[in-house]
Asker: 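One structure, as structure tokens, below. Some questions next.
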Number of protein chains: 2
Amino acid sequence: MESNGDLDADLNKLEKARHRFISEIAKNVHLYGISPSVGRLYGTVFFSDKPMTLDEMSESLGMSKTSMSTGIRALYEANMVEQVWEKGVRKDLYKTEEDWYKSFSTVFITRWRNATEKNVTAIKETKSMLHELGETTSCDEIKEKVTRDLNRLTEAEAYYGWINDVISLFESGKIFDIVPKKQKVNT
Amino acid sequence: MESNGDLDADLNKLEKARHRFISEIAKNVHLYGISPSVGRLYGTVFFSDKPMTLDEMSESLGMSKTSMSTGIRALYEANMVEQVWEKGVRKDLYKTEEDWYKSFSTVFITRWRNATEKNVTAIKETKSMLHELGETTSCDEIKEKVTRDLNRLTEAEAYYGWINDVISLFESGKIFDIVPKKQKVNT
DNA sequence: AACTCTGTACAGTTTTTTCTGTACGAACTT
DNA sequence: AAGTTCGTACAGAAAAAACTGTACAGAGTT
């Protein structure tokens, strides 16, 4: 006990330092559509010396294996962790994606692309319903409303076109010509 | 009843068309950090002919005035609605922000800026804790872990620097030089 | 083929978020 | 000053999300 008293204290310090960052990730990871506790899972895997199994995560976080399974899947879909194979190891192994730029892009692209497409579809359908109404109605007041709505929806469409272009900027990687990746600088 | 039977049917059609778009907004507005039902509130105000009061929203959505109050505040903070003054009207009036580019930028900038700053602070603190540990510990194994963690945190710092630059791109409006706003095109 | 091990589907519980009704302060009217 | 009207703070109810334990299918081993 005397011989490794310092070691235990140091390991504790290490954990504390790591936890400082992990808890901050947990608080902010909602931007990636990830819940805080899955954010802690990410942080745990991030600081692990080697790829982790679901059982190790469960053990380390004191949470059920089921939660680890669903949590890891969420992280995987956000391109925030990746699976690793090791010869002779039957369990699934996961480590954090090292290219954070890629994780960011994946999340940003898939979420916004998906939303944009659906909204554009909705706009087109709404417009078509309004067009029909505008032609069949005999009430001038309604005609006016229809015209106004069609106008605003066309504006919305233009906006989504812009969003789409922004997404493409990230998807194509051209964003990195405009905003270059940073070199590591020691502070 | 015979004379305005068509009118009622047409008004119903108008509502249906509008609702097609509103329900899609409700489903996707979580990207702006807004809940679905507040998304419906947004949609309702969006299609309103004139700025709405809390009571009108409450009436129109069949929800409590309290919810309208908190919902509108959320939309206001996301720059998605704005307050309007009308002479002689005592109630607060709201309409949707017409510049969707601005709404997008506001949400994107404030949320990411805030998260980035906090994460960078956490990284710096974690690094300083690790530096101290690295100097005081006598265990080589721990020294190794510390070095590895410091390295990865420095990489993370670089990533946040990049995110920060991306945010600035939107904040300064330079994004519009690279991805121009779209003209309205009828489809 | 029987047995073991691993990941996940599913139902039920716990926790968190959203929503409502009451109550009250501030601003305006009489 | 007394009386309205309006928006929102707050506590409790309702709804949604997160988490767990059990159970089971599929792959690997013996």
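Residue numbering restarts at 1 for every chain, and letters A, B, ... go by the order of the sequence lines.
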Asker: For D:dC19 and A:Ser37 - does any side-chain N or O of the residue sit under 4.0 Å from the phosphate oxygens OP1/OP2?
Answerer: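 Yes.
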Asker: D:dA9, OP1 or OP2 - any side-chain N/O from B:Arg73 closer than 4.0 Å?
Answerer: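 Answer yes for this pair, as a side-chain N or O of B:Arg73 is under 4.0 Å from OP1 or OP2.
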Asker: Are the side chain of A:Ser69 and the backbone N or O of A:Lys65 linked by a donor-acceptor pair below 3.5 Å?
Answerer: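 Not a single qualifying donor-acceptor pair exists.
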Asker: What nucleotide, of D:dT20, C:dT18, D:dT8, holds the atom closest to the side chain of B:Lys65?
Answerer: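 For the B:Lys65 side chain, the nearest candidate turns out to be D:dT8.
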Asker: Are the side chain of B:Ser58 and the backbone N or O of B:Leu54 linked by a donor-acceptor pair below 3.5 Å?
Answerer: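 Looks like no, no N/O pair under 3.5 Å.
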Asker: Could you please name the option among D:dC19, C:dT6, C:dT20 that lies closest to any side-chain atom of A:Lys91?
Answerer: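 For A:Lys91, the side-chain atoms sit closest to C:dT6.
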Asker: Would you kindly give the CE-to-P distance between B:Met68 and D:dG7, to the nearest whole Å?
Answerer: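 It works out to 13 Å between those atoms.
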Asker: How many Å lie between CG on A:Asp92 and P on C:dC5, as a whole number?
Answerer: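 Result: 17 Å.
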Asker: Between P on D:dC6 and CD on B:Glu86, what's the gap in Å once rounded to a whole number?
Answerer: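 Whole-Å distance recorded here is 15 Å.
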Asker: Would you say the side chain of A:Thr66 and the base of C:dG7 hold a donor-acceptor pair, judged only by whether the two atoms sit under 3.5 Å apart?
Answerer: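 For A:Thr66, whose side chain was compared with the base of C:dG7, there is no donor-acceptor pair (under 3.5 Å).
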Asker: Hey, is the side chain of B:Ser64 poking within less than 4.0 Å of OP1 or OP2 on C:dC19, counting only N and O atoms?
Answerer: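 No.
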Asker: side-chain hydrogen bond (donor to acceptor under 3.5 Å, both in side chains) for A:Lys143 and A:Ser138? Distances and angles first, verdict last.
Answerer: CA-CA 8 Å; A:Lys143 266 192 184 128; A:Ser138 54; over 6 Å; no
Asker: Which nucleotide wins on minimum distance to the side chain of B:Arg90, given the candidates D:dG7, C:dA27, C:dT8?
Answerer: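 Closest of the options to the side chain of B:Arg90: C:dA27.
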Asker: Output the single nucleotide from C:dC19, C:dG7, D:dT8 whose closest atom is nearest the side chain of A:Ser69.
Answerer: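 Nearest to the side-chain atoms of A:Ser69, counting from C-beta on, is C:dG7.
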Asker: Can you say whether the rings of A:Phe104 and B:Trp112 are parallel (under 30°), tilted (30 to 60°) or perpendicular (over 60°)?
Answerer: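 A:Phe104 vs B:Trp112 ring planes: perpendicular.
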Asker: Has A:Lys181 got its NZ or CZ under 6.0 Å from the middle of the six-membered ring of A:Tyr101, at an angle within 45 degrees of the ring axis?
Answerer: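 The answer is yes, since A:Lys181 meets both limits relative to A:Tyr101.
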Asker: To the nearest Å, how far apart are A:Leu41 CG and D:dC19 P?
Answerer: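 Atom CG in A:Leu41 sits about 10 Å away from atom P in D:dC19.
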Asker: Atom CH2 of A:Trp85 and atom P of D:dG28: how far apart are they, to the nearest Å?
Answerer: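 It is 13 Å, rounded to the nearest whole Å.
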Asker: Rounded to whole Å, how long is the line connecting atom CG of B:Leu93 with atom P of D:dC6?
Answerer: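 Result: 11 Å.
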Asker: When the distance from CE of A:Met63 to P of C:dT15 is rounded to whole Å, what number comes out?
Answerer: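 Between P of C:dT15 and CE of A:Met63: 12 Å.
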Asker: Please state how far atom CD1 in A:Ile72 lies from atom P in C:dT6, giving the value in whole angstrom units.
Answerer: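 Going from A:Ile72 (CD1) to C:dT6 (P), I get 16 Å.
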